[in-house]
Amino acid sequence: MPNTNRRNLLAMFGLVGDDPPARDSKEQRKWLDTSPRERIRQRYFPNIELTTHEGRRVLFYDDLIKDKLVVINFMYADCEGVCPTIMLNLARVQKELGQRVGRDIFIYSLTLRPEKDTPKVLNDYAKMHGVKPGWLLLTGKPDDIETIRRRLGFVDPDPKLDRDRSNHIGNLRYGNEPLTRWGTCPGMADADFIVKSILWLDWPEEERSKKGGQK
Amino acid sequence: MAYISKRDRKREKDRKIAARNRREIIAARLTRRDLMKAGLLTGAGYLILKKGLSARASTPRDDPQSPPTTPFVEPLPIPPIAQPVSSLNPVPMVNPNTAAGEGRTRPHQALNLFPPQKLYLVTQQEVLKSVHPELPLQRLWSFNGQVPGPTYHARYGEPVLVRNVNGLPLDNGGFGLPSVSTHLHNGHTPSESDGFPCDFFERGQFYDQHYPNVLAGFASTHPPNGDIRESMSTLWYHDHRVDHTAENVYKGLAGFYLLFNDFDTGDETTGFRLPSGEFDVPMIFTDRVFDEGTGQLFFDLGNLDGILGDKFLVNGRIQPFFEVKRRRYRFRWLDGGPSRFYQFHLTKASNPSQVNQFWQISNDGNLLPSPKLVNNIRISVAERADAIIDFSQFAAGTVVYLENRLEQDDGRGPTGDVLPAGQGDKVLKFIVTGDPVVDNSAAPTATTQYYQLPGTADAPRITRTFKFERGNGQWQINGKFFNCDDVRFRIQQNSVEKWILQNSSGGWQHPIHIHFEEFQILKINGANPAGVNIARKDVMRLEHNMQVEVYFRFRDFLGRYPMHCHNTIHEDHAMMLRWDIDTTGDNKTNP
Ligand SMILES: [Cu+2]
């Protein structure tokens, strides 16, 4: 742990005085010159290969996140807990966002049971929930899905609860990738409020019209 | 929340401690001999469990650790006092000045009743600030270039109007939404000036906030000037943008607002004779993380539970020192969040196990009926406590640390354990100087009287129950989520209500804040409150499996206000509800 230098650590056990006169860390330290956007990509969006419910292979960052306003949740096809409510909610969200979904706004539902949820299973599930273009259901290698889940923080701090899939995190993460604006809301919140929350991260009016992205 | 046995919890904790220690020891490059000498390693090479090495445990995503910084190298900054302006252009109006770019949506209720005697103009803007000489400059968000923002010195009977201008940049530097609503925390403020989370305004807009600085009851139980027993002292202001409060406040949008009157005068030779001027020192405690690679302030966008920092800032600087004279000081302590709770002790460097008592004179910034002599003070996010410390008890040259001994490993809340003396986090170093100095402040005693408490004998019109819960990672109150437009219940103007706040979880703690009116605690887990809990409060610390009954009088103004968890991560994730005051009220008991 870099914040505990040798001297401080020893100090905690009373081996040296409490006042560290040494300013060794002040020696010209070189800070990385990496943009916040790039740091966010590195931390949260591994460029992992996934498969859509239509059987298309896509890269998580390059194809799904980059330059877009996105909404992400986790689910699985035979989930009887919170998933149906959340999927129903997302269908309403898609409807309210209209033509923009598939153009500059995208919805992604990642399966927590990639071993069972093949593209075919997800495709059936998508049909059941009235999923329209711009909303993708995604599967992949179990380890890869697990990596994404952890990176995005869809994790319960209690390991026992975290292993229980019926208790899986029901939140939505949404964000405007180029503007580095991100948010989270409960997937079971009112659909109209979810739509508002997403649009609070939208591009400013002038940029939106430049992109031809009017609703 | 599933039941976890105590043994399981203990084992999990031990595992975490061991792993953390191992990482720290590797990072600190201690030799085997160092470790043996420190008693950290057994002959067989096993690491010995030892608590208190770090302020944070790791998470599955491996939270970034801040770069090292040398503690206590810079003095404690004191935020400057806000200065009024002679006029505002355009002139403030009762109705929202939409044409000129005002973001307010509702007319002022009391602008003509309490015409502002002082006007302030404050711009929220990006600023480059140093938090420590060994870290690069930080891109923070400020009020008029200050982090924390300037301290308002306001007086009862002297209404003010603050014009807030949103001058934040489009480029947020990685987190933060440049859309704001400034809440005056604790204020008896009309709804449209309260800083309701959904009353946000955008870049280039402004918002006039009218603070009448009037005592509760002025238009109801105690006309025309209100009930003196409702006097407030230490308030603070902070951004309250719905869904984005945690990041915006993390970037710096917070400051103090102090209220004075004929008793708490701001002059230690008059009234209650509380230490004043340079001896009245506000301190906001915030914990933060800085990116190991870039040295820049880091906010975890993927955190659902609560964010802990491994750097402790006081008034915007990491672990400063403060030279004090041998006399009494009034400190106004505020937990600025986002998620950490503190328990502060005074730890003498030369003798850490010595107990150094001091006086607690307020709870949540409201003076107690009488000062209380305490060994420590515990505050959760947004709670405030005013303390009087008499440094004449220490010889010149003495070093005393303000030490947080409350163990907390993650955003769920403290573990319940208090660390041994000297093993907590030293957030501030007091250095007692030898200067001879006058002290005109009164020595607090157990029989000193401040304001008496208003009675709680009037029968409540209604009792309402609120359950604070988590389901599938989603924060909720009575099973529901926040929505700006959903009025969950309506309170009748000038009525009395009793609320029951419940936390049935053994894993999470929630500091619950209710806007507009202070409450008094009637019962905590069925028992009468004691000590500093016999007070007027605006944040209720709901600890593990706690049920609290609180008593309110809702007076004077109408409109919308929220109740929410002040662990701002929970708040931003919908652990909030809206209630309105109107003339009729409703009868919802589980809204
Ligand atoms: Cu909470």
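A note on names: the letters A, B, ... follow the listed sequences, proteins ahead of strands, and every chain is numbered from 1. Being a predicted model, the structure only gives us computed values, none of them experimental. Side chains are part of it too, since the values below use all heavy atoms of this structure and drop only hydrogens, waters and symmetry mates.
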Check whether any side-chain heavy atom of A/Trp200 sits under 4.5 Å from a side-chain heavy atom of B/Asp243, and report yes or no.
yes
Near A/Asp78 CG, under 6.0 Å, is it more than 12 heavy atoms from other residues, nucleotides or ligands?
yes
Taking 4.0 angstrom as the limit, do B/Asp171 and A/Arg37 come out as a salt bridge?
no
Indicate yes or no: at least one non-hydrogen side-chain atom of A/Arg43 is less than 4.5 angstrom from one of B/Asp291.
no
Top contributor to chain B contacts, counting heavy-atom pairs under 4.5 Å, from A/Leu179, A/Asn167, A/Asn171, A/Asp164
A/Asn171
Walk me through whether A/Asp190 and B/Lys480 qualify under salt bridge (charged side-chain N to carboxylate O under 4.0 Å, His left out).
CA-CA 9 Å; A/Asp190 300 336; B/Lys480 294 179 201 130; over 6 Å; no
Could you check if a side-chain atom of B/Asp572 sits within less than 4.5 angstrom of a side-chain atom of A/Thr184, using non-hydrogen atoms only?
no
Determine, step by step, whether A/Trp31 and B/Leu135 satisfy the side chain to side chain contact (heavy atoms under 4.5 Å, CB included) criterion, reporting the C-alpha distance in whole Å, the side-chain angles of both residues, the deciding distance to 0.1 Å, and the verdict.
CA-CA 9 Å; A/Trp31 299 110; B/Leu135 289 177; 3.8 Å; yes
Picking from A/Gly183, A/Pro36, A/Ala189, A/Gly170, which has the most non-hydrogen pairs under 4.5 angstrom with chain B?
A/Gly170
So with a 6.0 Å cut-off around CD of A/Glu80, is the heavy-atom count from everything else above 12?
no
I'd like to check B/His244 versus A/Leu201 (side-chain heavy atoms, cut-off strictly below 4.5 Å). Are they in contact?
yes
Please state whether the side chain, the backbone, both or neither of A/Ser35 comes within less than 4.5 Å of a heavy atom of chain B.
neither
Quick one: CZ on B/Arg412 to CG on A/Asp156, what's the gap to the nearest 0.5 Å?
7.5 Å
Go through the atoms of B/Thr294 and report whether side chain, backbone, both or neither lie under 4.5 Å from a heavy atom of chain A.
both
So, do A/Phe193 and B/Phe482 sit near enough that their side-chain heavy atoms are less than 4.5 Å apart?
yes
What residue, out of A/Pro186, A/Cys185, A/Ser197, has the most heavy-atom pairs lying under 4.5 Å from chain B?
A/Pro186
For B/Ile569, is it the side chain, the backbone, both, or neither that has a heavy atom closer than 4.5 Å to a heavy atom of chain A?
neither
Please flag which part of B/Phe299 lies under 4.5 Å from any non-hydrogen atom of chain A: side chain, backbone, both or neither.
backbone
Side chains of B/Asn483 and A/Asp192: does their closest heavy-atom pair fall under 4.5 Å?
yes
Greater than 12 external heavy atoms within 6.0 Å of A/Lys66's NZ
no
If one checks every heavy atom of B/Gln476 against chain A at 4.5 Å, the contacting part turns out to be neither
Nearest 0.5 Å, please: how far is NZ in A/Lys196 from SG in B/Cys198?
7.5 Å
Quick check on B/His573 against chain A: is it the side chain, the backbone, both or neither that has a heavy atom closer than 4.5 Å?
both
Counting only heavy atoms closer than 4.5 Å, note whether B/Phe200 contacts chain A via side chain, backbone, both or neither.
side chain
Just so I know, are the side chains of B/Asn472 and A/Ile169 near enough to count as touching, which here means a heavy-atom distance under 4.5 Å?
no
Within this structure, what is the CZ-CZ distance for the pair A/Arg181 and B/Phe175, rounded to the nearest 0.5 Å?
14.5 Å
Shortest non-hydrogen contact from B/Glu247 toward A/Trp182:
OE2-O, 3.6 Å
Only pairs of heavy atoms separated by less than 4.5 Å count here; which of B/Pro136, B/Ala574, B/Gly473, B/Gly295 has the most with chain A?
B/Pro136
Using a 4.5 Å cut-off on heavy atoms from C-beta on, say whether the side chain of A/Arg173 contacts that of B/Leu301.
no
Looking at every non-hydrogen atom in both residues, tell me the closest pair between A/Gly153 and B/Leu304 and how far apart they are.
O-CD1, 3.3 Å
A/Tyr44 and B/Asp300: CA distance, side-chain angles, deciding distance, side chain to side chain contact (heavy atoms under 4.5 Å, CB included) verdict
CA-CA 10 Å; A/Tyr44 301 102; B/Asp300 188 356; 2.7 Å; yes
